Trainee: 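Got a structure here, written out as structure tokens. Questions coming.
One-based numbering along the sequence shown. Here the structure is a predicted model, which is why all the values come from computation and not from measurement.
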Amino acid sequence: MGIKRGGSNLGVHRNRGGGGSRFPVLTIVLILVLSPMVFFLGRGIYSTDAIDQNDSSISISKHQELQDVDWRTKLALQHVKSLFSKEVIEVIKANTNDMGPLSLDSFRKNNFSASWKFDGQENVIDVVNVQETPKVKQDTSLDAEHTRPDDSPANLARRQLREKRREKRAADLLKQDDDVTIKLENAAIERSKSVDSAVLGKYSIWRKETDNENIDTTVRLMRDQMIMARVYVSIAFMKNKTDMAHELQTRIKESQRALGDATTDNDLNPSAPEKIKAMGQLLSKARDQLYDCKLVTGKLRAMLQSADEQVRSLKKQSTFLSQLAAKTIPNGIHCLSMRLTIEYYLLSPEKRKFPKSENLENPSLYHYALFSDNVLAASVVVNSTIKNAKEPEKHVFHLVSDKLNFGAMNMWFLLNPPGNATIHVENVDEFKWLNSSYCPVLRQLESAAMKDFYFKADHHTTLSAGSSNLKYRNPKYLSMLNHLRFYLPQVYPKLNKILFLDDDIVVQKDLTGLWKVDLHGKVNGAVETCGESFHRFDKYLNFSNPHIARNFDPNACGWAYGMNVFDLKQWKKRDITGIYHRWQNMNEDRVLWKLGTLPPGLMTFYGLTHPLDKSWHVLGLGYNPSIDKSDIENAAVVHYNGNMKPWLELAMTRYRSYWVKYIKFDHPYIKGCKISE
């Protein structure tokens, strides 16, 4: 009735009269005030949320419309705040949020236009279904029915493009997830295989070293027990527990006897398990009574330092003994030399001469220079060269030895002539021109300072102390046979070219091709030995000396003696011997280099060495155990440079066969001196 009479004044007047209900009037006021607010608010929320914030291409007209809607929304909110209290606004919000699928939020979230109408229960069910559809499907399903009336073709195209991008990103993410899953599965499969094949009962089935049983596990356990027992012995004495200390010492001796020299479990004494058990029980008792973390750590550290010092000392002794062994002559070779020397001096003078002496100064033949005091080594060099030569009759060997081995060297080649080749043996002590007034090395060797350096070596009396000086006392550095290589034109004045060979080499191919190598005006043809950082000049010479620093490049490549082809014409032209003398005189106090003939050779032939192909000369068989077999077999010359010479017992077995095959072990002198393979 109040509604039909209309007018807000009448409603207010009747309320003041207090006779009627206030609910119809309040309802009218709410409808009149909230309707515009809801309309504008709903339109503002919808319009604001419908625009994609990531799209930078929104049109100017659409932007203006948004500004208008925002202004209307703000105005409506101001009116609401001015009319109602805070509690009423909260009630309105709560009622609006509780409307479920018919709320404004539902329309906004599901992209429904505010102008849609719902006719009957059927439409309500549709709205509920859309509300419950997963968000991914809502984002990816945009058809014509859901298109807003105010969409332009451009906006629709952009929206469809965004949907395609979202689908592509989602597909990429799914693919990455699949790849990661596959990798994880494969890794899990591999781990499961290793677990299945692991041996049970081991402390860690993931450790690779557990695949093989240790053959010295028990030996190591006994050694570890003895180490800990020694630690506890020391601590026991410190704490005046002498009974425990003596008991530990007794167990240590028993374990040492059971261990003996065993290195594997199979070598252990049968009583070892019993000793291990007894020692373990005693160590457990000692730990309960004596264990102190700080003391144990200190004792173990002291034992480690002591062991390290012992290892260093043993290494020095080993170096000393190996160098000593390398410089000695085996009994068999010494026997051979003595017997041959006796036989030689029993010969009449006319029987001591070699045939074909006319070839010694023929420059058209292939001449070799070999300086040695080892009869057996020299025989291998000559035999291997002749056996691999294509024209042996054109080869001439010039041997020079010292007076001690001169007779033996002559007698051997008189008894065993090198086929059709020519050979001649000379005594270096009979070179009267090679004296201290001409040769700086001889003059220096006669000085008191040099004798002290080579022979006294600071008067060291122990093996470890003298090991570093033993190399300076190598007899070859005192022998003129080693320095005679710098006087080749003086020894062989009629020759134009000569091939120099060391006595620790083996020839495996015909070497006549070396005489055909063009040295391009250089004096020395040699194989270079420098690698990435070794065998360069700075490893041999003292570059802190200004004379060395001014004249040489520290990174210049070194080369090897042992097989060198020398152009004696160029040698004389460039006065190589004079250059050698100049540097040798400057090194009287050993300030330029320490020892040997290679450093002065590098200096003398600096800039005058032509590099040969490496296949001509392979080095290292006297110290390097990892030379490739194919390199050795393809080499024209193999060189046993180093301490492990092939005639010594310490020679490497894998390389010795290349040398022994040129020895006649059935020779009566070889047999008589018990020289065997």
Side-chain angles (χ1 to χ4, degrees), residues 333 336-432 481 484 487-503 505-507 509-512 514-515 563 565-566 568 662-670 672:
I333 296 179
L336 178 64
S337 179
M338 293 297 100
R339 292 188 62 179
L340 290 171
T341 300
I342 294 172
E343 294 293 334
Y344 176 75
Y345 286 107
L346 292 177
L347 291 176
S348 58
E350 59 272 11
K351 293 183 178 180
R352 299 177 184 177
K353 296 180 180 179
F354 290 97
K356 301 181 181 180
S357 59
E358 66 277 6
N359 292 336
L360 297 178
E361 296 180 349
N362 186 351
S364 62
L365 300 179
Y366 305 116
H367 294 265
Y368 299 86
L370 175 62
F371 308 146
S372 175
D373 57 0
N374 187 325
V375 176
L376 193 62
S379 70
V380 170
V381 175
V382 174
N383 290 343
S384 62
T385 304
I386 295 302
K387 285 188 176 181
N388 291 285
K390 295 179 179 179
E391 299 176 298
E393 67 278 2
K394 294 183 178 181
H395 294 259
V396 181
F397 293 90
H398 301 267
L399 272 69
V400 179
S401 187
D402 56 13
K403 60 183 178 181
L404 183 62
N405 295 280
F406 172 72
M409 199 75 69
N410 275 279
M411 192 64 197
W412 176 264
F413 288 105
L414 287 171
L415 294 174
N416 306 281
N420 295 325
T422 302
I423 193 167
H424 181 65
V425 180
E426 295 180 272
N427 182 0
V428 67
D429 296 303
E430 293 179 359
F431 296 160
K432 301 303 180 183
L481 287 177
L484 195 60
Y487 300 96
L488 290 176
Q490 288 79 6
V491 181
Y492 311 109
K494 300 291 184 69
L495 302 181
N496 298 327
K497 186 175 285 190
I498 196 167
L499 185 65
F500 172 78
L501 298 176
D502 270 344
D503 63 357
I505 63 102
V506 174
V507 178
K509 294 184 179 180
D510 181 62
L511 299 181
T512 55
L514 288 170
W515 275 265
M563 190 211 71
V565 54
F566 290 110
L568 299 183
Y662 293 104
I663 298 177
K664 300 176 181 179
F665 288 101
D666 57 347
H667 193 282
Y669 283 95
I670 299 291

Trainee: Once ring pair (Phe, Tyr, Trp, His ring centres under 6.0 Å) is applied, do any residues pair with Phe665, and if so which ones, sequence neighbours excluded?
Mentor: none
Trainee: For residues 388-399, which residue pairs qualify under salt bridge (charged side-chain N to carboxylate O under 4.0 Å, His left out), counting only residues two or more places apart or in two chains?
Mentor: Glu391-Lys394
Trainee: After noting the C-alpha distance and the side-chain angles of Tyr366 and Asp510, does the key distance pass the side-chain contact (heavy atoms from CB on, under 4.5 Å) rule?
Mentor: CA-CA 11 Å; Tyr366 305 116; Asp510 181 62; over 6 Å; no
Trainee: Applying side chain to side chain donor-acceptor pair (under 3.5 Å), can you list everything that pairs with Gln490, at least two apart in sequence or on another chain?
Mentor: Tyr438
Trainee: If the condition is ring pair (Phe, Tyr, Trp, His ring centres under 6.0 Å), which residues does His424 pass it with, not counting sequence neighbours?
Mentor: none
Trainee: With a 4.5 Å heavy-atom cut-off, do Leu484 and Phe500 have their side chains touching?
Mentor: no
Trainee: Name all pairs fulfilling the side chain to side chain donor-acceptor pair (under 3.5 Å) condition that reach into residues 371-387, sequence neighbours left out, sorted by first residue then second.
Mentor: Ser372-Asp503
Trainee: Is Leu346 close to Ile342 at the side-chain level, that is, under 4.5 Å between some pair of heavy atoms?
Mentor: yes
Trainee: With sequence neighbours excluded, give me every side chain to side chain donor-acceptor pair (under 3.5 Å) pair touching residues 396-407.
Mentor: Ser337-Asn405, His367-His398, Asp402-Asn405
Trainee: Given the rule in the side-chain contact (heavy atoms from CB on, under 4.5 Å) test, do Trp515 and Val565 qualify, once you have shown the distances and angles that lead to the verdict?
Mentor: CA-CA 8 Å; Trp515 275 265; Val565 54; 5.6 Å; no
Trainee: With sequence neighbours left out, what residues match Phe397 under ring pair (Phe, Tyr, Trp, His ring centres under 6.0 Å)?
Mentor: Tyr368
Trainee: Could I get the full list of salt bridge (charged side-chain N to carboxylate O under 4.0 Å, His left out) partners for Glu426, not counting sequence neighbours?
Mentor: none
Trainee: Between Ile670 and Leu376, is there a side-chain heavy-atom distance shorter than 4.5 Å?
Mentor: yes
Trainee: With Lys509, which residues qualify under salt bridge (charged side-chain N to carboxylate O under 4.0 Å, His left out), at least two apart?
Mentor: none
Trainee: Got a sec, which residues hit salt bridge (charged side-chain N to carboxylate O under 4.0 Å, His left out) with Glu361, two or more places apart in sequence or on another chain?
Mentor: Lys494
Trainee: I need the full list of side chain to side chain donor-acceptor pair (under 3.5 Å) pairs touching residues 407-419, with sequence neighbours left out, sorted by first then second residue.
Mentor: Asn416-His667
Trainee: Tell me which donor-acceptor pairs under 3.5 Å the side chains of residues 348-356 have, and how far apart each pair is, sequence neighbours excluded?
Mentor:
| from | atom 1 | to | atom 2 | distance (Å) |
| --- | --- | --- | --- | --- |
| Ser348 | OG | Glu350 | OE2 | 3.1 |
| Arg352 | NE | Tyr344 | O | 3.4 |
| Arg352 | NE | Leu347 | O | 3.2 |
| Arg352 | NH2 | Tyr345 | O | 3.3 |
| Arg352 | NH2 | Leu347 | O | 3.0 |
| Lys356 | NZ | Asn420 | O | 2.6 |

